[in-house]
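Take a look at the structure below.
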Amino acid sequence: MSDDLRAVEVLQSEEIPPAGPRVVEVRGGGRTLWGDAWYRLRRNKLALVALGWLVVLIMAAASADLWVPRYLGSPNAIDTTKMAAERLLPPSAAHPMGTDDLGRDMLSRVVYGARISLTVGTLAVVVSVIIGMLLGALSGFYSGWLDALVMRVADVFLAFPYILFAILLLSVLPEQSRTSIVPVVLTIGVLGWP
C-alpha cells in the first residue's frame, strides 16, 4: 500500500468531533479589560512618559496652595514698588519661567491656570457623559421615533461649528454669570454630548 492510501485510512478511522461550541481550557486565567489596557500601556513607553507628565501636572495643580505662594509669590499680587524692577524678567532660579509685564511670576500663573483648566475639562466631560448616557439609554430602550429624534438632534449639534455655538451660548448669558466657570462648563458639556 502506498503512503497516500495509508494516510487516508488513518484519517477515516479517526472520529470526527461533534459540531457545536468547544470548551477550551485557558491556563493562567484570562486578563480583564483593565488588565489588558494596563498591559498595553506598559508596553508603550511614550504613553508612560505622557502619563507621568499628566500625573505631575495634576499633582502640581492640586497642591498649588501649599507651595506656590511661598516660593513663587501670589499669581495675582501686584507690588507697584517692585513692578519696574521685576517686570519682564527672563527665566531664573527665583522665577523659572520669568515674569510678566506687571512683575508677576509666570510659573505660578501657569500652575493656577492649570487648576482651572483641569476643573473645567473634568466637569464638562462629566456633564457630557451624563447627557449622552441618558439620551443614549432612552433612544436604545425606546427605539423607533424617539431613537430617530435623538439621532437627528445629535446631527444638528454636530453640524454647527463647536466654537461658534459656544460663543453664541455664552453671549446670551447675563453679564454677572460670565465671571464664573459654570457657564463655560455647561456650554462645553451641553455641546459635547453627541
Side-chain angles (χ1 to χ4, degrees), residues 33-34 37-38 40-41 44 46-79 83 86-89 91 94-140 149-194:
L33 187 60
W34 287 104
W38 177 244
R40 288 175 185 229
L41 182 70
N44 189 345
L46 189 59
L48 282 177
V49 170
L51 178 66
W53 180 246
L54 189 61
V55 167
V56 166
L57 285 178
I58 290 171
M59 294 304 292
S63 66
D65 289 334
L66 300 175
W67 60 275
V68 169
R70 181 182 308 162
Y71 298 108
L72 301 174
S74 175
N76 295 324
I78 300 171
D79 188 1
M83 189 187 315
E86 293 193 7
R87 69 185 293 264
L88 300 174
L89 291 177
H95 304 287
M97 292 177 71
T99 59
D100 65 357
D101 58 341
L102 297 175
R104 299 173 295 192
D105 185 72
M106 290 299 293
L107 180 61
S108 66
R109 294 181 61 77
V110 167
V111 168
Y112 277 100
R115 175 187 283 185
I116 294 171
S117 296
L118 288 171
T119 303
V120 167
T122 303
L123 293 177
V125 167
V126 167
V127 169
S128 290
V129 166
I130 289 172
I131 293 172
M133 279 192 337
L134 288 175
L135 290 176
L138 283 174
S139 79
L149 177 71
V150 169
M151 285 310 301
R152 295 304 74 81
V153 170
D155 290 341
V156 167
F157 271 83
L158 290 171
F160 287 106
Y162 190 82
I163 290 293
L164 292 178
F165 207 31
I167 291 171
L168 174 74
L169 280 177
L170 288 174
S171 67
V172 172
L173 294 172
E175 186 71 34
Q176 59 269 30
S177 68
R178 292 185 197 165
T179 57
S180 70
I181 65 170
V182 174
V184 176
V185 167
L186 290 177
T187 301
I188 295 171
V190 167
L191 296 178
W193 69 266

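Basis for what follows: all heavy atoms, side chains included, without hydrogens, waters or symmetry-related copies.
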Mind checking whether V150 and L138 have side chains closer than 4.5 Å, heavy atoms only?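 Not in contact.
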Identify the heavy atoms of [X] and [Y] that sit nearest to each other, and give their distance.
X    : Y    : value
G189 : V127 : CA-CG1, 3.7 Å
P96  : P91  : O-CB, 3.3 Å
A94  : D105 : O-OD1, 4.2 Å
F157 : V190 : CE2-O, 3.7 Å
A64  : P69  : O-CD, 3.5 Å

Suppose the criterion is salt bridge (Lys or Arg N to Asp or Glu O under 4.0 Å): which pairs have a residue in residues 110-136, not counting sequence neighbours?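 Listed once each, the pairs are D65-R115.
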What distance separates [X] [atom1] from [Y] [atom2], expressed to the nearest 0.5 Å?
X    : Y    : atom1 : atom2 : value
I58  : S63  : CD1   : OG    : 11.5 Å
M106 : T99  : CE    : OG1   : 8.5 Å
R109 : M97  : CZ    : CE    : 11.5 Å
L102 : M83  : CG    : CE    : 5.5 Å
L168 : L191 : CG    : CG    : 9.5 Å

Residues, nucleotides or ligands: over 12 heavy atoms within 6.0 Å of F160 CZ: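 Not buried by this count: 12 neighbours or fewer within 6.0 Å.
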Does atom CD1 of I78 have more than 12 heavy-atom neighbours, drawn from other residues, nucleotides or ligands, at distances under 6.0 Å?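 More than 12 heavy atoms, drawn from other residues, nucleotides or ligands, come within 6.0 Å of this atom.
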Just to verify, what does N44 make a side-chain hydrogen bond (donor to acceptor under 3.5 Å, both in side chains) with, not counting sequence neighbours?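 If we apply the side-chain hydrogen bond (donor to acceptor under 3.5 Å, both in side chains) test to N44, skipping adjacent residues, there are no hits.
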Set of residues satisfying side-chain hydrogen bond (donor to acceptor under 3.5 Å, both in side chains) with respect to D101, sequence neighbours excluded: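 Counting only residues at least two positions away or on another chain, D101 forms no side-chain hydrogen bond (donor to acceptor under 3.5 Å, both in side chains).
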Picking from V185, L186, V184, what satisfies side-chain contact (heavy atoms from CB on, under 4.5 Å) with I188?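 Looking at V185, L186, V184, the match for I188 under the side-chain contact (heavy atoms from CB on, under 4.5 Å) is V184.
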Can you run down the side chain to side chain donor-acceptor pair (under 3.5 Å) pairs that involve residues 117-131, sequence neighbours left out, and say none if there aren't any?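 Qualifying pairs: none.
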What residue pairs, at least two apart or across chains, pass side chain to side chain donor-acceptor pair (under 3.5 Å) with a residue in residues 185-194?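 Every candidate side chain to side chain donor-acceptor pair (under 3.5 Å) pair involving residues 185-194 fails, so no pair, neighbours aside, qualifies.
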Report all side-chain donor-acceptor pairs from residues 129-137 shorter than 3.5 Å, counting only partners two or more places apart or in another chain.
none

